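Right, one structure below, let's go through it.
A, B, ... follow the sequence lines: proteins, then strands. Residue 1 opens every chain. Given the structure is predicted, the values throughout are model-derived calculations rather than measurements.
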There are 2 protein chains.
Amino acid sequence: MATGRTHRPATRSRGIPEATVARLPLYLRALTALSERSVPTVSSEELAAAAGVNSAKLRKDFSYLGSYGTRGVGYDVEYLVYQISRELGLTQDWPIVMVGIGNLGAALANYGGFASRGFRVAALIDADPSMVGKPVAGIPVQYIDDLEKIIEENGVSIGVIATPAGAAQQVCDRLVAAGVSSILNFAPTVLSVPDGVDVRKVDLSIELQILAFHEQRKAGEDGGVGGADLPSAAAVRAAAPAAVAASPASTAGRKGPDGDVPAVMPA
Amino acid sequence: MATGRTHRPATRSRGIPEATVARLPLYLRALTALSERSVPTVSSEELAAAAGVNSAKLRKDFSYLGSYGTRGVGYDVEYLVYQISRELGLTQDWPIVMVGIGNLGAALANYGGFASRGFRVAALIDADPSMVGKPVAGIPVQYIDDLEKIIEENGVSIGVIATPAGAAQQVCDRLVAAGVSSILNFAPTVLSVPDGVDVRKVDLSIELQILAFHEQRKAGEDGGVGGADLPSAAAVRAAAPAAVAASPASTAGRKGPDGDVPAVMPA
DNA sequence: ATGTCTTTGTGAACGCGTGCACAAAGATGA
DNA sequence: TCATCTTTGTGCACGCGTTCACAAAGACAT
Ligand SMILES: NC(=O)c1ccc[n+]([C@@H]2O[C@H](COP(=O)([O-])OP(=O)(O)OC[C@H]3O[C@@H](n4cnc5c(N)ncnc54)[C@H](O)[C@@H]3O)[C@@H](O)[C@H]2O)c1
Ligand SMILES: NC(=O)c1ccc[n+]([C@@H]2O[C@H](COP(=O)([O-])OP(=O)(O)OC[C@H]3O[C@@H](n4cnc5c(N)ncnc54)[C@H](O)[C@@H]3O)[C@@H](O)[C@H]2O)c1
């Protein structure tokens, strides 16, 4: 089962907090922009503003990497770019494979952001024979049967899945069996992988649903008992969505004994 | 994954924890699958396994919504689908606009996951005149000049940005000014928005960099001083990436005084 | 009714992440 | 050399999220 997270073996002294790791790419992007403008140094305050985070948090994040700043001055931009890149492993070349070259997969393959940070698309793989050989973003699509060979020959350890949901677990299993140990999954499915394999997911639908939750709250909580935040013209619009569900207010009570459940959600 | 929050200063007493909200769509998806298979009830243990989370966490999450379970039996699938949908605001119809219909924007427009949960693409908007009127996913692309009018007429409060990074902030400002109060951003930029506006971002490049970090760690930390984690065959492959940076081990020491910084990161 | 068995709902403990606030470090100028 | 000023690095407290563990609730059988 994928859930099996074993406890951390006692004192892990060398680990960088996960939350910090997730922010490093953000800092790196801001620093790269500064570097391109030939800015020599930057203070934690400035950089934090550019990255959209708290400056104390940024300083603490950097403190996990070491003492790379100079008090009274700030951080050397170029040096910090290098240190973060090294910490993230971007000074290496990471060959990746992408499986499922449909609408999304093709868009991803065309995305420049891949190649710009040490990631190299080693292969595009699809199960549709009519697509094999057709170049996407200058790279010919290869057939799924060769997946293991491709991974082996290119030493691939990172895979991207952009297949339909139904095929994702199967593709995942093959990737893992072939030696891939990090997977970025775009299919709306929970992948189960053995220990030692990292999976990250990008899920459009989930993001929208989270936004909808907050949007609904902005619209609804006008007469709330607690503090009434949220002035702004935005709340005005949010209060008038296209169709308001006419659910009885008493629904909050107890559970209806039998099937009085409204039929919602087509799929 | 994707993250990114903006406001939340006040003490929210009546709120569902943010972490819980982020998991509700996951539960909903698993429940919908069960519903389609006509499964009447499900235990927290089963559902947790399907959603890839801890069962205690799932129960606590549901407890924020109310007591919708039956002890000794589990949860009524249909009823729970309805409750979660309602909580997330999915019983409403949410019109959304998508700005920037390029490679990614077109793929997103074609994605079925939008429409399946109450989200309706009200308009596709682009700044390229040669693209205006061309149908994408059956919806004709409209010109950016009409953005305000489109938002107004459709009562749109959720916007998706898939433009190049350089245009994102500008587009964001116009969306917000026109009344949009939730934004899903695919451009690799930090958007600044006024209070009351939620921004979530999906960033491909960041996800890959996080994976690379862990991948590097799996490969490198074999002789670490602390506990030696990570056995597994995956580490074997990870230990042999395409190009290993030949960095001296002593780099961990102090900061080199002058510009000995290697030239990395093309862009 | 009563007992047994299953599963929920939650109290409590713990660890992680965040942000404040400040001492220490170092630059800069007189 | 010394004083001043800026900015880092971090100790500390706090709140959130996770997980354990278990009493209570209810189904079901007898
Ligand atoms: N398109 C989007 O914007 C978007 C957004 C979020 C999530 N997703 C998800 O991403 C996935 C891809 O979406 P899409 O719009 O590109 O779909 P698509 O149908 O256009 O593309 C899917 C591709 O996967 C290939 N494929 C199918 N089975 C395969 C297998 N077993 N092995 C290898 N390749 C296989 C198909 O041949 C096809 O080329 C879906 O799961 C979708 O839900 C898409
Ligand atoms: N393509 C991907 O897979 C991918 C992945 C992650 C992130 N991104 C990001 O998403 C964005 C879009 O990527 P893409 O590959 O689709 O790029 P693209 O160049 O194919 O499409 C960009 C579209 O935005 C339109 N546009 C430009 N300026 C605009 C403006 N001011 N208002 C409205 N529309 C405008 C352009 O006309 C074009 O149609 C980029 O920021 C990219 O970095 C893309």
Between C:dA27 (C1') and A:Asp76 (CG): distance, integer Å: 15 Å

Gap between atoms CD and P, on A:Glu45 and C:dC20 respectively (whole Å): 10 Å

Gap between atoms CG and P, on A:Leu65 and D:dG9 respectively (whole Å): 10 Å

Point-to-point distance, once rounded to the nearest 0.5 Å, from OG of A:Ser43 to OH of A:Tyr75: 9.0 Å

Atom-to-atom span, CG of B:Asp61 to P of D:dT19 - whole angstrom: 11 Å

5' precedence on DNA chain C between A:Val73 and A:Pro17 (nearest-nucleotide basis): A:Pro17

Nearest-angstrom distance from the residue atom CD of B:Glu18 to P of C:dT18: 14 Å

A:Val190 to B:Ala51 - nearest heavy-atom pair and separation: CG2-O, 3.7 Å

Gap between atom CG of A:Leu208 and atom CD1 of B:Ile96 - 0.5 Å precision: 5.5 Å

Any donor-acceptor N/O pair, A:Gln169 side chain to A:Ser192 backbone, under 3.5 Å: yes

Gap separating the CD1 atom of B:Ile206 from the CZ atom of A:Arg200, nearest 0.5 angstrom: 9.5 Å

Closest to side chain of A:Thr70, choosing from C:dT18, C:dG26, C:dT8: C:dG26

Between P of C:dC16 and OH of A:Tyr64, the distance in whole Å: 10 Å

N or O in side chain of B:Asn54 less than 4.0 angstrom from D:dC20 OP1/OP2: yes

Donor-acceptor pair (no angle test) under 3.5 Å: B:Arg71 side chain, C:dT7 base: no

B:Tyr68 OH to C:dG9 C1', straight-line distance once rounded to whole Å: 14 Å

Residue whose closest nucleotide on DNA chain C lies nearer the 5' end, A:Gly72 versus B:Gly72: B:Gly72

Side-chain donor/acceptor of A:Lys60 to base of C:dT18, under 3.5 Å: no

Residue B:Arg59, side-chain heavy atoms: nucleotide from D:dT19, C:dG17, C:dT8 that is nearest: C:dT8

Shortest side-chain distance from A:Lys57, nucleotide among C:dG19, D:dG17, D:dC20: C:dG19

Under 4.0 angstrom between A:Ser44 side-chain N/O and D:dT8 OP1 or OP2: yes

Nearest-angstrom distance from the residue atom CD of B:Gln83 to P of C:dT8: 17 Å

